[in-house]
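These notes are about the structure you will find just below.
FYI, side chains are in, hydrogens and waters are out, and symmetry mates aren't considered; it's all heavy atoms of this structure. Labels below follow one simple rule: chain letters A, B, ... track the order of the sequence lines, proteins then strands, and each chain is numbered from 1. Just so we're clear, the structure is a prediction, and the values are computed from it rather than from any experiment.
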Amino acid sequence: MAFWLMKSEPDEFSIDDLAHCENQTETWDGIRNYQARNFLRDKVELGDIVFFYHSSCKVPGIVGLATVSSAPYIDQSAFDQASTYFDGKSSIDNPRWVAVDLTFKAKFSRIITLTELKADPNLTEMVLVSKGARLSVQPVTQQEFDYILSLE
DNA sequence: GCCAACGTTGGC
DNA sequence: GCCAACGTTGGC
């Protein structure tokens, strides 16, 4: 089992939105970055644990946990011309993008803020705090995962 | 809303 | 295949 951090803009889709979905499960689609796509496609597995991260908001940080509740599958939103995620270069014969299902697991009692994570001497190697970390799907080590959980 | 830091595109 | 121009991300 592996650990991940996935970013979402809470104005678009927050941890509370996930908690209120049917079966507390939603398609995690719309990833349009190759590095993130490669993680989703090649590394993410059913049962993996995910830090749910809120970005582009007043207090960016980790707000809770989700579990990966499907294997990776073709991201259908790329074929939907009405979707903001439409990509004409992805075809059914040669799909370019993948998605997984995420299921709500827990909401933290507080936001573990980006500021706090950046300042923590135990987390200097974390992808999130490394320079120019714009990856919306990124790996988290077991050590980082356990340590961050203990911060809550 | 600004802008630094990346990523992608497309002409050559 | 290089790289300039453009687009996007995301913290501040």
How long is the line joining [atom1] of [X] and [atom2] of [N], in whole Å?
| X | N | atom1 | atom2 | answer |
| --- | --- | --- | --- | --- |
| A/Asp11 | C/dG11 | CG | P | 13 Å |
| A/Met6 | C/dG10 | CE | P | 14 Å |
| A/Lys118 | C/dG11 | NZ | P | 7 Å |
| A/Ile31 | C/dT9 | CD1 | P | 10 Å |

Inset, instruction - Applying side chain to side chain contact (heavy atoms under 4.5 Å, CB included) between A/Ser56 and each of A/Glu9, A/Glu12, A/Lys7, report the one that passes. - result: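 Of A/Glu9, A/Glu12, A/Lys7, side chain to side chain contact (heavy atoms under 4.5 Å, CB included) with A/Ser56 is met by A/Glu9 alone.
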Inset, instruction - Run the ring-centre check on A/Trp4 versus A/Phe39 and record whether the distance is less than 6.0 Å. - result: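 Ring-ring flag for A/Trp4/A/Phe39: true, centres closer than 6.0 Å.
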State, with a plain yes or no, whether a side-chain heavy atom of [X] is found less than 4.5 Å away from one of [Y].
| X | Y | value |
| --- | --- | --- |
| A/Ile31 | A/Val137 | yes |
| A/Ile74 | A/Val98 | no |
| A/Tyr34 | A/Arg96 | yes |

Inset, instruction - Walk me through it: do A/Arg32 and A/Ser77 pass the test side-chain hydrogen bond (donor to acceptor under 3.5 Å, both in side chains)? - result: CA-CA 11 Å; A/Arg32 297 290 179 270; A/Ser77 68; 3.1 Å; yes
Report, one pair per line, the protein and nucleotides 3-8 of chain B atoms (nitrogen or oxygen only) whose separation is under 3.5 Å.
| residue | atom | partner | partner atom | Å |
| --- | --- | --- | --- | --- |
| B/dA5 | N3 | A/Arg134 | NH1 | 2.9 |
| B/dC6 | OP1 | A/Lys131 | O | 3.1 |
| B/dC6 | OP1 | A/Gly132 | N | 3.2 |
| B/dC6 | O2 | A/Arg134 | NH1 | 2.9 |
| B/dC6 | O2 | A/Arg134 | NH2 | 2.8 |
| B/dG7 | O4' | A/Arg134 | NH2 | 3.4 |

Legend entry - Test log, rule side-chain hydrogen bond (donor to acceptor under 3.5 Å, both in side chains), inputs A/Tyr53 and A/Ser136: CA-CA 9 Å; A/Tyr53 178 90; A/Ser136 54; over 6 Å; no
Inset, instruction - Using a cut-off of strictly less than 4.0 Å, decide whether A/Lys7 has a side-chain nitrogen or oxygen near OP1 or OP2 of C/dT9. - result: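 Indeed not, no polar side-chain atom of A/Lys7 lies that close.
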Inset, instruction - Using the six-membered ring wherever Trp is involved, compare the ring planes of A/Phe52 and A/Trp28 and label them parallel, tilted or perpendicular (cut-offs 30° and 60°). - result: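 Correct class here is perpendicular.
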Inset, instruction - Give, ordered by number, those residues of residues 48-63 of chain A having at least one heavy-atom distance below 4.0 Å to an atom of DNA chain C; if nothing qualifies, reply none. - result: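 Per residue number, the list reads A/Tyr53, A/Ser55, A/Ser56, A/Pro60.
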